[in-house]
Protein chains: 2
Amino acid sequence: MIAQYICNQIVANFMETRRDVFQAIADPTRRAIIMLLAVGAMTPNAIATHFDSSRQAVSKHLLVLTECEVLKPQQQGREIHYHLNAEKMKDIEKWLEEFKQLFAQRFSQLDTVLALLKAKKNESGSI
Amino acid sequence: MIAQYICNQIVANFMETRRDVFQAIADPTRRAIIMLLAVGAMTPNAIATHFDSSRQAVSKHLLVLTECEVLKPQQQGREIHYHLNAEKMKDIEKWLEEFKQLFAQRFSQLDTVLALLKAKKNESGSI
DNA sequence: ATACTGCGCAATCACATGGTTGCAAATTTT
DNA sequence: AAAATTTGCAACCATGTGATTGCGCAGTAT
């Protein structure tokens with residue numbers, strides 16, 4: 001059993017709001033769009049030609065991606081070029097890194113908890 | 001403008017099915033659960049105490065995470081210990097790595113396309 | 001045997017999501 | 001000026017999602 005305060009800390013740290021990068025990459029179509037735009041900026045019509053779904057469906061994905069700040073629209077006359085905001089992708093990397101650290105240190109964290117429990121063995125056992 | 005065949009290849013490669021790791025980490029509660037279980041296996045009740053939502057709500061998240069093969073339930077008497085399948089997390093890392101490579105090589109890919117276009121300048125322009 | 005506990009499952013509900021069609025606004029072309 | 005193109009936006013629909021409540025079943029404790 002992990003000590004309560006450590007768990008609460010973990011939960012508090014990693015509970016975030018919606019409309020983030022994680023929602024952006026949740027949909028396979030959106031992941032494909034991200035990959036497409038990683039190569040270069042494109043217009044909605046150009047993007048849509050690569051998918052079975054309609055232009056409007058793709059456009060809605062572009063809206064979501066823009067709300068997640070993964071894409072940045074750039075108007076050029078009547079065309080809109082969607083650019084990738086590669087910086088946002090780092091949020092995923094950051095989370096993944098935090099996870100990997102937590103996972104790698106799981107034994108030492110348990111040791112910490114056990115040591116704390118041992119040190120407080122004479123007090124009330126709930127820490 | 002990116003050449004058609006490269007784009008189609010990208011789209012085909014990165015269109016995947018649902019119920020994958022990306023859906024697993026789309027929800028902030030599920031991300032927090034993953035972080036919790038990264039430290040050590042826990043029972044549904046123990047997990048639920050760390051969240052405001054009810055036990056059943058957490059249980060549904062556990063079901064989703066299990067379907068995504070991020071968690072593995074392990075029955076012990078009447079208790080079920082949910083273990084993290086850290087291997088599944090690598091799918092995210094893999095995707096992120098592919099993205100980073102694609103992004104880093106975007107200029108050279110454009111060069112490739114332009115070179116191809118130049119070589120075929122006398123044929124039909126669609127490649 | 002009889003409670004109690006831990007847990008999954010079904011029903012239900014509000015809301016989000018992905019998709020479609022239709023249309024209007026803005027820009028470009030003719 | 002008129003036609004065509006690119007695009008976003010609104011309405012609508014089917015389905016998915018997150019959450020709640022109620023319940024039943026399998027272990028455990030008394």
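Proteins come first, then strands; the chains are lettered A, B, ... in the order of their sequence lines, and each starts at number 1.
Of the side-chain N and O atoms in Ser54(A), none sit less than 4.0 angstrom from OP1 or OP2 of dG19(C). Residue Asn45(B) has a polar side-chain atom (N or O) positioned under 4.0 Å from OP1 or OP2 of dC7(C). The shortest distance between the side-chain N/O atoms of Arg19(A) and the OP1/OP2 oxygens of dT17(C) is below 4.0 Å. Between Tyr82(A) and dG8(D) there is a side-chain N or O to OP1 or OP2 distance below 4.0 Å.
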Please determine whether side chain to side chain contact (heavy atoms under 4.5 Å, CB included) holds for the pair Phe99(A) and Ile92(B), giving the CA-CA distance in whole Å, both sets of side-chain angles, and the decisive distance to 0.1 Å. CA-CA 12 Å; Phe99(A) 162 76; Ile92(B) 308 168; over 6 Å; no
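The distance from atom CD1 of Ile80(B) to atom P of dC9(C) is 9 Å, rounded to the nearest whole Å. The distance from atom CG of Leu71(B) to atom P of dG8(C) is 11 Å, rounded to the nearest whole Å. Going from atom CZ of Arg31(B) over to atom C1' of dG18(D) covers 15 Å, rounded to whole Å. Distance, His81(A) NE2 to dT7(D) C1': 12 Å, rounded to whole Å. Note: CD (Gln23(A)) to C1' (dC15(C)) measures 13 Å, nearest angstrom. In this structure, CG of Asp20(A) is placed 15 Å from P of dA16(C), rounded to the nearest angstrom. In this structure, CG of Asp27(B) is placed 14 Å from C1' of dC15(C), rounded to the nearest angstrom.
With sequence neighbours excluded, no residue forms a side-chain contact (heavy atoms from CB on, under 4.5 Å) with Ala104(A). Under the side-chain hydrogen bond (donor to acceptor under 3.5 Å, both in side chains) criterion, Glu93(B) pairs with Lys100(A), sequence neighbours left out. Residues meeting the side-chain contact (heavy atoms from CB on, under 4.5 Å) test with Gln56(B), sequence neighbours left out: Ser54(B). Applying the side-chain contact (heavy atoms from CB on, under 4.5 Å) rule to Ile80(B) yields the partners Pro73(B), Gln75(B), Tyr82(B); only residues at least two apart in sequence or on another chain are considered.
Residues in residues 57-73 of chain A take part in these side chain to side chain donor-acceptor pair (under 3.5 Å) pairs, two or more places apart or across chains: Arg19(A)-Glu67(A), Arg30(A)-His61(A). Applying the side chain to side chain donor-acceptor pair (under 3.5 Å) test to every pair with at least one member in residues 83-92 of chain A, sequence neighbours left out, gives these pairs: Gln74(A)-His83(A), Glu87(A)-Lys90(A). Applying the salt bridge (Lys or Arg N to Asp or Glu O under 4.0 Å) rule to pairs touching residues 34-55 of chain A yields nothing, sequence neighbours excluded.
Here the nucleotide nearest the side chain of Arg30(B), chosen from dG18(D), dT20(C), dG18(C), is dG18(D). Across dT17(D), dA19(D), dC7(C), the shortest atom-to-atom separation from the side chain of Thr29(B) is found for dA19(D).
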B/S/- contact track for nucleotides 22-30 of chain C, protein heavy atom under 4.0 Å: B----BS--
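Closest of all the heavy-atom pairs between Leu65(A) and Ala24(A) is CD2-CB, 3.8 Å.
Of the residues in residues 59-68 of chain B, those with a non-hydrogen atom less than 4.0 angstrom from any atom of DNA chain D are Lys60(B), His61(B).
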